[in-house]
Amino acid sequence: MNKIKKRFTEAYLGIYGLWLLAFVVAPLLLLLVQSLNLPGQGFSFDNYRDFFTSGPYLAMTVNSIWYAFLITLITLAISYPLALCLTQLKHRQLWLLLVILPTWINLLLKTYAFIGLLGKGGLLNQSLSAMGFGTSQLLFTNGAFLLVAAYIELPFMVLPIYNALLDIDPLLPAASRDLGASSIQTLKKVVWPLSMPGVKTGVQTVFIPSLSLFMITRLIGGNKVITLGTAIEEHFLVTQNWSFGSTIGVVLIIAMALTMALTTDRKKKKGGGRK
């Protein structure tokens, strides 16, 4: 039985390894090769030189990081109190389901729903007009972009924080309060540090995708929000400069890898036991 189980495990890992090789490693290598292959010139680092010496592309990089940071900060500010509340509710699984339910809906449909909500003839403007405030330009603004992006990314921040909070031994906050700590002190000194793995996971799952947003920047930001994701789409679909688009993609992947490295838990390795 153990031999059969071992063979099954090896076969499964082999198939999984082939899957990763074909659909993860190979596309990344193709992207890297494409970025170094200039049409008519062959192998060259000119694309990378042009990218890192170009003011507009460096500005796009800063914009991408800045907006990803803001989206992550907004979602964290909303998700942490929400996750705390969910852990205290009686039917918390039902409420958690309602939080993650929007992830079942297609991203494009949700984006168009916000266009209908924030547009000049949308529900929100109609409500403002009915109250005598008149219509205002809510769509195609930075605020609208941040609102929609934060809404879409919210469940991916709530879920890991919620799971981390559930893993905390309830006796620890109780002991903190018994020793005279206030609720705020308990949250700051006990709950927050113990939930940090969930926070870091949430930051990864929100910040990294936010770096490469392009559809929301088009439909909600109205091309006023320019990011590296927008530039990649432009080079691949409009200018047909796949080589430079691949270069931006490689830079974006490196930025994502750095983000993961900075937010990954580094557990302290304990030394050997005392003799």
Side-chain angles (χ1 to χ4, degrees), residues 17 20-21 23-37 43-77 79-80 107 142 145-146 149-150 152-161 163-164 192-193 195-217 221 225-236 241-269:
L20 289 178
L21 185 64
F23 297 104
V24 177
V25 178
L28 291 178
L29 290 176
L30 287 174
L31 195 69
L32 179 61
V33 171
Q34 185 73 31
S35 70
L36 295 171
N37 184 27
F43 183 86
S44 175
F45 286 96
D46 288 352
N47 281 335
Y48 291 93
R49 182 200 62 196
D50 293 341
F51 179 89
F52 288 107
T53 57
S54 171
Y57 286 109
L58 292 178
M60 287 182 196
T61 306
V62 173
N63 269 348
S64 298
I65 296 172
W66 174 243
Y67 281 113
F69 170 76
L70 289 179
I71 293 167
T72 305
L73 187 64
I74 293 169
T75 53
L76 178 60
S79 298
Y80 200 90
L107 176 61
N142 293 348
F145 167 73
L146 291 173
I152 290 172
E153 301 286 0
L154 188 68
F156 303 106
M157 180 71 80
V158 172
L159 196 57
I161 295 176
N163 289 330
W192 173 258
S195 64
M196 190 54 63
V199 172
K200 289 182 177 180
T201 302
V203 168
Q204 284 184 358
T205 55
V206 171
F207 185 86
I208 292 176
S210 297
L211 281 173
S212 57
L213 289 175
F214 69 91
M215 185 179 67
I216 300 175
T217 60
V225 179
I226 305 298
T227 62
L228 290 180
T230 310
I232 292 172
E233 182 203 21
E234 189 78 17
H235 281 294
F236 273 97
N241 189 350
W242 289 21
S243 179
F244 201 82
S246 299
T247 301
I248 302 174
V250 171
V251 172
L252 197 53
I253 291 170
I254 292 173
M256 293 176 179
L258 288 175
T259 302
M260 291 188 67
L262 292 173
T263 54
T264 298
D265 282 330
R266 295 175 177 81
K267 295 182 179 180
K268 296 181 179 179
K269 295 181 179 180

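For the pair Leu213 and Tyr67, the minimum side-chain heavy-atom distance is 4.5 Å or more. Side-chain contact between Leu76 and Ile161 is present, with heavy atoms from C-beta onward closer than 4.5 Å. In this structure, the side chains of Ile65 and Thr61 come closer than 4.5 Å at one or more pairs of heavy atoms. Proximity of Phe156 to Thr75: side-chain heavy atoms (C-beta onward) are nowhere separated by under 4.5 Å. Met157 places a side-chain heavy atom less than 4.5 Å from the side chain of Thr72.
Atoms CD1 and OG, from Ile152 and Ser210 in turn, are 9.5 Å apart once rounded to the nearest 0.5 Å. Considering OG1 of Thr247 and CD1 of Ile232, their distance stands at 10.0 Å, rounded to 0.5 Å. Atoms OG1 and CG, from Thr259 and Leu211 in turn, are 5.5 Å apart once rounded to the nearest 0.5 Å. With rounding to the nearest 0.5 Å, the separation of CD in Gln34 from CG in Leu29 is 13.0 Å. Asn63 CG to Leu58 CG: the interatomic distance, rounded to the nearest 0.5 Å, is 11.5 Å. In this structure, Glu153 CD and Ile71 CD1 are separated by 6.5 Å, a value rounded to the nearest 0.5 Å.
In this structure, Met196 places its CE atom where more than 12 heavy-atom neighbours from other residues, nucleotides or ligands lie under 6.0 Å away.
The two atoms that bring Thr205 and Gly202 nearest to each other are OG1-O, 3.0 Å, heavy atoms only. Considering every non-hydrogen atom in both Thr264 and Gln204, the closest pair reads OG1-NE2, 3.4 Å. Shortest non-hydrogen contact noted between Phe236 and Ser246 is CZ-OG, 3.6 Å. Between Ser64 and Leu228, the closest heavy-atom pair is OG-N, 2.8 Å. In terms of heavy-atom proximity, Leu252 sits nearest to Ser212 at CD2-CB, 3.5 Å. Closest approach of Ile248 to His235, counting heavy atoms only: CD1-CD2, 3.6 Å.
A side-chain donor-acceptor contact under 3.5 Å links Thr230 and Thr227. Side chains of Tyr57 and Asp50: no donor on one and acceptor on the other come within 3.5 Å. For the 3.5 Å distance criterion, the side chains of Ser195 and Tyr80 qualify, holding a donor opposite an acceptor.
Using the six-membered ring where Trp is involved, Phe244 and Phe51 have ring planes that are tilted, between 30° and 60° apart. In this pair, Tyr48 and Phe45 present their aromatic rings tilted. The plane angle is within the 30 to 60° band.
Judged by distance alone, the side chain of Ser35 and the main-chain N or O of Ser243 form no donor-acceptor pair under 3.5 Å.
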